[in-house]
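Computed from a prediction, not measured in an experiment: that's the story for all the values here. Convention: sequence-line order gives letters A, B, ...; per-chain numbering from 1.
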Amino acid sequence: MQNALLIGLSRQMTLERQMDVIANNVANVNTNGFKADHSLFEEYLNSNAHEDNFVGSDRRVSYVQDRGTYRDVGQGPMEATNNPLDMAINGNAFFAVQANGAERYTRDGKFALSSTGQLMTSDGNLVLGTGGPIVFQPTDHDINVAPDGTVTVLEGTAKTDSIRGKIRMVTFDDPAKLTKLGANLYSAGSANQQTDSKSTVQQGYVEKSNVNSVGEMSRMVEVMRSYTAIANLLQQQSDLHKSAIEKLADVPA
Amino acid sequence: MQALHTAATGMAAQELNVQVISNNIANLRTTGFKKQTAAFQDLIYEHVRRVGAQASDQGTILPVGVDIGGGVKTVGTPRSMTQGTLSQTGNDLDLAMSGEGFFKILMPDGTYQYTRDGTFQMDNQGRVVTAQGNPVQPTITIPNNASGITVNEQGQVTVTLPGSSSNTVLGQIGVTRFINKAGLQPVGSNQFTETTSSGAPQDGTANSEGYGKITQGSLEQANVDVVSEMSDLIAAQRAYEMNAKVISAADQMMQSTTALFR
């Protein structure tokens, strides 16, 4: 009798968490390099009571639980900024950055310079090149980033390019294993990293969030309606319960 | 319900975004103005089920975890220091910088400020000053009987004095650059001050060693692109509305729960 309430409740709890995931996607609809999350659900079968004396065995009660959130690693749209230090990756790779002494990964290519000329993220984390941080000289101008990530500049009065480093691009065999740390950073966790050769850097662009707002809005409506539908179901179940008690206890005089 | 707070961070972020965009649009016609863009980051995640955790005694590893994000924060409003277009004014003392560098201005308190706004005038002593009356560095004083003021691409100021057939060089307008010009702090009046993030100022000569060149009789316009600002504004407004929708949806969900079992 109470199972229907509990099953409904299990669904409501997962819907609430799905709503949280949607809310986070929508909140980050303008976050550079953000990758949307989606919820996954699975059936959770309750172990049944073992009673062999019945003709038919008990049916197991099927609950729902959220198994995971998977990440949509698809490419976000590119926005032209004309800023020579803004970079977007076309492909699956990530920028490698140095954050709190560890190597982290990001798709947010809104870079800046430090007072010592080092290339860094908006947060002040160093962007790593294939040979360490990328450092510019005070007289450098006309910064150019080639599709393969090679950073060249004209230094002072020089007429030929000087190389300042090469942006390190890293891919993962299973990007779903990357853990989101917030601040647009990912940690590798158990994912195996490889040096990427297929992705290209686009200078003067930033990758916007890949959140599909129409999809999120329709999912949100779906979640809300399912949630209220289950609330109604719980109400009906409760009413049924109540009326059963009232009717059965109503002993005719 | 987390979704309410998450959406609230989203609304706050978009509100700030609109503020930044409206300041860009307000300064559409401000000489030497450099536009800003708001940059956002996601907040930390609550790992309800951690990815890579062991799911069973048989050693099954979870391929994905349940990560619930807490919303968005503003990380900064970086300034885009790209070149603005030059517009001709024909004024002798209107100077535009194309390329790297800033004009150096001496403030009344003895400190220096830096600007890309080359709307200069002469004060009562003949000094070349900004619209606020602060002298451009190094100070150049133009005699009141001088005619034919010329500023060349290096910033050298020459005039013709009466009774002289040749030009007289009065001095050279300086140009200063910073390794991280986006790290300069705006102080209003189209001027910036040095910060620890911008690096130390490096004075130099215009049109040499990567320093920008000076164009006389022109002014640098704001680098604001109206069309992209308007589309950003619409995007920000829609994002704000979407977050508001999330709040009302979460509210309805909570309502349906509190209405249960009356």
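- In this structure, the portion of Gln14(B) lying under 4.5 Å from any heavy atom of chain A is its side chain and not its backbone.
- Considering CD of Glu241(B) and CE of Met217(A), their distance stands at 10.0 Å, rounded to 0.5 Å.
- Contacts of Ser39(A) with chain B are absent, with no heavy-atom separation under 4.5 Å from either backbone or side chain.
- With a 4.5 Å cut-off on non-hydrogen atoms, Gln2(B) touches chain A through its backbone and its side chain both.
- Note on Val21(A), Leu234(A), Asp37(A): by heavy-atom pairs under 4.5 Å with chain B, the leading option is Leu234(A).
- Chosen from Gly199(B), Gly69(B), Ser198(B), the residue pairing most often with chain A at heavy-atom distances under 4.5 Å is Gly69(B).
- For Thr157(A), there are no side chain to side chain donor-acceptor pair (under 3.5 Å) partners at least two apart in sequence or on another chain.
- Smallest separation of non-hydrogen atoms from Val29(A) and Ala239(B): CG1-CB, 3.3 Å.
- For Leu40(A), the part sitting under 4.5 Å from any heavy atom of chain B is the side chain, from C-beta outward, and nothing else.
- Closest non-hydrogen pair, Ala259(B) versus Gln235(A), comes out as O-OE1, 3.8 Å.
- Contacts with chain B were tallied for Thr139(A), Asn82(A), Asn83(A), Thr179(A); Thr139(A) has the most, counting heavy-atom pairs under 4.5 Å.
- With a 4.5 angstrom heavy-atom cutoff, Ala249(B) touches chain A via backbone and side-chain atoms both.
- Pairing each heavy atom of Gln202(B) with each of Pro138(A), the nearest pair is OE1-CB, 3.2 Å.
- The contact between Gln65(A) and chain B is made entirely by side chain atoms (from C-beta outward), counting heavy-atom distances below 4.5 Å.
- For chain A, the nearby part of Leu43(B) is the backbone; its heavy atoms alone come within less than 4.5 Å.
- Among the candidates Thr116(A), Asp140(A), Val223(A), Val221(A), the residue making the largest number of heavy-atom pairs closer than 4.5 Å to chain B is Asp140(A).
- Ranked by heavy-atom pairs under 4.5 Å with chain B, the list Asp20(A), Asn25(A), Asp108(A), Thr31(A) is led by Asp20(A).
- Taking Gln156(B) as the reference, nothing meets the side chain to side chain donor-acceptor pair (under 3.5 Å) condition, with sequence neighbours excluded.
- Side-chain contact between Asp67(B) and Arg71(A): present, with at least one pair of heavy atoms (C-beta onward) separated by less than 4.5 Å.
- Using a 4.5 Å cut-off between heavy atoms, Lys35(B) does not touch chain A at all.
- Within the 4.5 Å cutoff, side-chain heavy atoms of Tyr45(B) are placed close to those of Asn24(A).
- Within the 4.5 angstrom heavy-atom criterion, no atom of Ala13(B) approaches chain A.
- Of the atoms belonging to Val26(A), heavy atoms from both backbone and side chain fall under 4.5 Å from chain B.
- With a 4.5 Å cut-off on side-chain heavy atoms, Met253(B) and Met19(A) count as touching.
- Neither the backbone nor the side chain of His5(B) comes within contact range of chain A; no heavy atom of the residue lies under 4.5 Å from a heavy atom of that chain.
- Contact annotation for Thr121(A): neither backbone nor side-chain heavy atoms come within less than 4.5 Å of a heavy atom of chain B.
- The minimum heavy-atom distance linking Val75(B) with Asp123(A) is given by the pair CG2-OD1, 2.9 Å.
- The two residues Thr9(B) and Ala27(A) have their closest heavy-atom pair at OG1-CB, 4.2 Å.
- Looking at heavy atoms from C-beta onward, Thr257(B) lies in side-chain contact with Tyr227(A) at the 4.5 angstrom threshold.
- Here the side chain of Asn184(A) pairs a donor or acceptor atom with the backbone of Asp42(B) at under 3.5 angstrom.
- For the set Gly70(B), Ala200(B), Ser197(B), Gly183(B), the entry with the most heavy-atom pairs within less than 4.5 Å of chain A is Ser197(B).
- The part of Thr196(B) that comes within reach of chain A is its backbone (N, CA, C, O), which places non-hydrogen atoms under 4.5 angstrom from that chain.
- Under a 3.5 Å cut-off, the side chain of Asn28(A) and the backbone N or O of Gly71(B) do form a donor-acceptor pair.
- Counting heavy-atom pairs closer than 4.5 Å to chain A, the top-ranked of the candidates Asn17(B), Leu4(B), Thr82(B), Thr195(B) is Thr82(B).
- Residues of residues 218-228 of chain B never come within less than 4.5 angstrom of chain A, heavy atom to heavy atom.
- Listed by sequence position, Ser213(A) are the residues of residues 208-215 of chain A in contact with chain B, using a 4.5 angstrom heavy-atom cutoff.
- Most heavy-atom pairs under 4.5 Å with chain A, from the set Lys181(B), Gln252(B), Met11(B): that is Gln252(B).
- Within the 4.5 angstrom heavy-atom criterion, only backbone atoms of Ser114(A) (N, CA, C, O) approach chain B.
- Looking at every heavy atom in both residues, Gln137(A) comes nearest to Ile179(B) through C-CD1, 3.9 Å.
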